[in-house]
Amino acid sequence: SKKELGRLAEVAADAYRDYPLHNWFTKGKYDKKTSKLIMQISLKTMTEDAITVLALWRACRAALEEAGIENAAAETDWLWQAAVGNDRHLLRPDEPVTPEKAAALRALITRRAAHEPVQYLLGSWPFLDFEVKVAPGVLIPRQDTETLVENALIALSGMPDPAVLDLCCGSGCIGLAVASRVKDAKVTLADISQKALSVAKENVALNKLSGRVRCVAADALKPAFPF
């Protein structure tokens, strides 16, 4: 009912101002469905009222925890940096956040709470000792991707002027890692997806490897091309 929603809205407003209260009402005070509704209202109120840095951060962390995000505190910090544009730790806890910035953060938190990969929300991710852009349509680099690069470097050791093909390159992180470490290597990044090639080209430019790395469209199921 409208009256009940009003009451829940009041609880939600208190929840994002007082994180311990969030624990109180989500651990036994209300059922799971009602708790989820309260958090949705809490997130909505971020854009409707003045809210401080600490209150906003606590509400976002609570929303991610409610969604089962394991590293909720750290991911809240990462998404804060992306949406608000500065390090939360450099701001006063009682400093107000503008409705526009709160809305931008709320949008990212809502998407992350729906389990969209945080790497896609941030738009880039560290890989070995450099940064690569990532987006839907390319795989996110993982620990085993680094292991693959390490094995490739062993195979290339002592090989003069190697020509390296990163087929189905995605973000291009493997070929770029090889190019950055094997200075005489000529690397080709190839993918059938134009979206993937677009991301790979951005990463070539980002890591200043345009002179030794090229990007080409290629189908892995067709005869090989010279590289």
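Just so you know, these numbers come straight off a predicted model, no measurement behind them. Note that the numbering runs from 1 along the sequence shown for the chain.
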Asks: Lys208 side chain to Ala205 main-chain N or O, any donor-acceptor pair under 3.5 Å?
Replies: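 Flag not set: sc Lys208 to bb Ala205 has no pair under 3.5 Å.
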Asks: Is any side-chain heavy atom of Val204 closer than 4.5 Å to a side-chain heavy atom of Leu176?
Replies: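 Yes, side chains in contact.
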Asks: Atom OG of Ser193 and atom CG of Asp219: how far apart are they, to the nearest 0.5 Å?
Replies: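 That separation rounds to 12.0 Å.
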Asks: What pairs meet the side chain to side chain donor-acceptor pair (under 3.5 Å) rule with one or both residues in residues 150-168, with sequence neighbours excluded?
Replies: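 Matches after skipping sequence neighbours: none remain.
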Asks: Rounded to the nearest 0.5 Å, what's the gap from CG on Leu79 to CG on Leu108? Could you check?
Replies: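 Going from CG on Leu79 over to CG on Leu108, the span is 5.5 Å.
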Asks: With a 4.5 Å limit on heavy-atom distance, are the side chains of Arg92 and Val53 in contact?
Replies: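 Side chain of Arg92 against side chain of Val53, heavy atoms only: no contact under 4.5 Å found.
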Asks: Output yes when a side-chain donor or acceptor of Arg112 lies under 3.5 Å from a complementary backbone atom of Glu116, and no otherwise.
Replies: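 Such a contact is found between Arg112 side chain and Glu116 backbone.
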Asks: Quick one: does any side-chain atom of His115 pair with a main-chain N or O of Ile69 as donor and acceptor, under 3.5 Å?
Replies: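 No; judged by distance alone, with no hydrogens or angles, the pair does not exist.
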Asks: In the single-linkage hydrophobic clustering (I, L, V, M, F, W, Y; side-chain heavy atoms under 4.5 Å), do Trp78 and Leu64 co-cluster?
Replies: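 Same cluster.
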Asks: Would you say Val132 and Cys173 make side-chain contact, with heavy atoms under 4.5 Å?
Replies: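 With C-beta onward as the side chain, the pair touches.
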Asks: With a sphere of 6.0 Å drawn around CD of Glu70, does it hold more than 12 non-hydrogen atoms of other residues, nucleotides or ligands?
Replies: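 Atom CD in Glu70 is not crowded, with 12 or fewer foreign heavy atoms closer than 6.0 Å.
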Asks: Looking at Val213, Val216, Leu167, Val164, which hits side chain to side chain contact (heavy atoms under 4.5 Å, CB included) with Thr188?
Replies: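 One option only clears the test, and that one is Val216.
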Asks: Can you tell me how far NZ of Lys183 sits from CZ of Arg212, rounded to the nearest 0.5 angstrom?
Replies: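 Arg212 atom CZ to Lys183 atom NZ measures 6.0 Å (nearest 0.5 Å).
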Asks: Strictly by side chain to side chain donor-acceptor pair (under 3.5 Å), give each pair with a member in residues 120-140 just once, sequence neighbours left out.
Replies: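 Those involving residues 120-140 are Ser124-Glu131, Asp129-Arg181.
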Asks: If you measure from CG on Leu139 to SG on Cys169, what distance do you get to the nearest 0.5 Å?
Replies: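 So the CG of Leu139 and the SG of Cys169 are separated by 10.5 Å.
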Asks: Hey, is the main chain of Leu197 close enough, under 3.5 Å, to the side chain of Asp191 for a donor-acceptor pair?
Replies: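 Not confirmed, Asp191 side chain does not pair with Leu197 backbone.
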Asks: Test of understanding: clusters of I, L, V, M, F, W, Y form through side-chain heavy atoms closer than 4.5 Å, transitively. Do Met159 and Ile174 belong to the same one?
Replies: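 Looking at the clustering, Ile174 is in the same group as Met159.
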Asks: Under 4.5 Å between any side-chain heavy atoms of Pro96 and Thr52, yes or no?
Replies: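 No. Closest side-chain heavy atoms not under 4.5 Å.
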Asks: Which one of Leu91, Ile109, Asp87 satisfies the side chain to side chain contact (heavy atoms under 4.5 Å, CB included) criterion with Trp80?
Replies: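 Running side chain to side chain contact (heavy atoms under 4.5 Å, CB included) over Leu91, Ile109, Asp87 with Trp80 returns exactly one hit, Leu91.
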Asks: Is the CG atom of Leu148 crowded by more than 12 outside heavy atoms at less than 6.0 Å?
Replies: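 Result for CG/Leu148: enclosed.
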Asks: For Ala177 and Leu128, work out which heavy atoms get closest and say how close.
Replies: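 Scanning both residues completely, I find the closest heavy atoms to be CB-CD1, 3.7 Å.
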Asks: If you take all heavy atoms of Pro136 and Lys195, which pair is closest and at what distance?
Replies: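 So the minimum-distance heavy-atom pair works out to O-CD, 3.1 Å.
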Asks: Can you tell me if Asn207 uses its side chain to pair, donor with acceptor, with the backbone of Leu209 under 3.5 Å?
Replies: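 Checking the backbone N and O of Leu209 against the side chain of Asn207, no donor-acceptor pair under 3.5 Å is found.
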Asks: Do you know the tightest heavy-atom contact between Leu165 and Ala190?
Replies: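 The pair with the smallest heavy-atom distance is CD1-CB, 3.9 Å.
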Asks: Examine Val187 and Leu153 and state if one hydrophobic cluster contains both, with Ile, Leu, Val, Met, Phe, Trp and Tyr joined whenever side-chain heavy atoms are less than 4.5 Å apart.
Replies: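 Val187 clusters together with Leu153.
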Asks: State, with a plain yes or no, whether a side-chain heavy atom of Trp57 is found less than 4.5 Å away from one of Asp77.
Replies: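 A side-chain contact under 4.5 Å exists here.
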Asks: For the residue pair Val149 and Phe127, establish whether any side-chain heavy-atom pair is separated by less than 4.5 Å.
Replies: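 SC-SC contact between Val149 and Phe127 confirmed.
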Asks: Quick one: does Thr110's side chain have a donor or acceptor within less than 3.5 Å of a partner on Arg106's backbone?
Replies: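 Such a contact is found between Thr110 side chain and Arg106 backbone.
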Asks: Any chance you could measure Arg88, atom CZ, to Gln81, atom CD, to the nearest 0.5 Å?
Replies: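 Those atoms lie 11.0 Å apart.
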Asks: Can you name the closest pair of heavy atoms from Pro162 and Asp184 and give their distance?
Replies: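 The answer is CD-OD1, 3.7 Å.
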Asks: Do Leu189 and Arg214 come within less than 4.5 Å of each other through their side chains, counting heavy atoms only?
Replies: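 With C-beta onward as the side chain, the pair stays apart.
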Asks: Can you name the closest pair of heavy atoms from Ala83 and Ala104 and give their distance?
Replies: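 Reported closest heavy-atom pair: CB-C, 3.8 Å.
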Asks: As an exercise, state the distance from CD1 of Ile140 to CD of Gln119, rounded to the nearest 0.5 Å.
Replies: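 Reported to 0.5 Å precision, the distance equals 4.0 Å.
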Asks: Give me the atom names and distance for the closest heavy-atom approach of Val178 to Ala152.
Replies: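 Taking Val178 first and Ala152 second, the nearest heavy atoms are CG2-CB, 4.4 Å.
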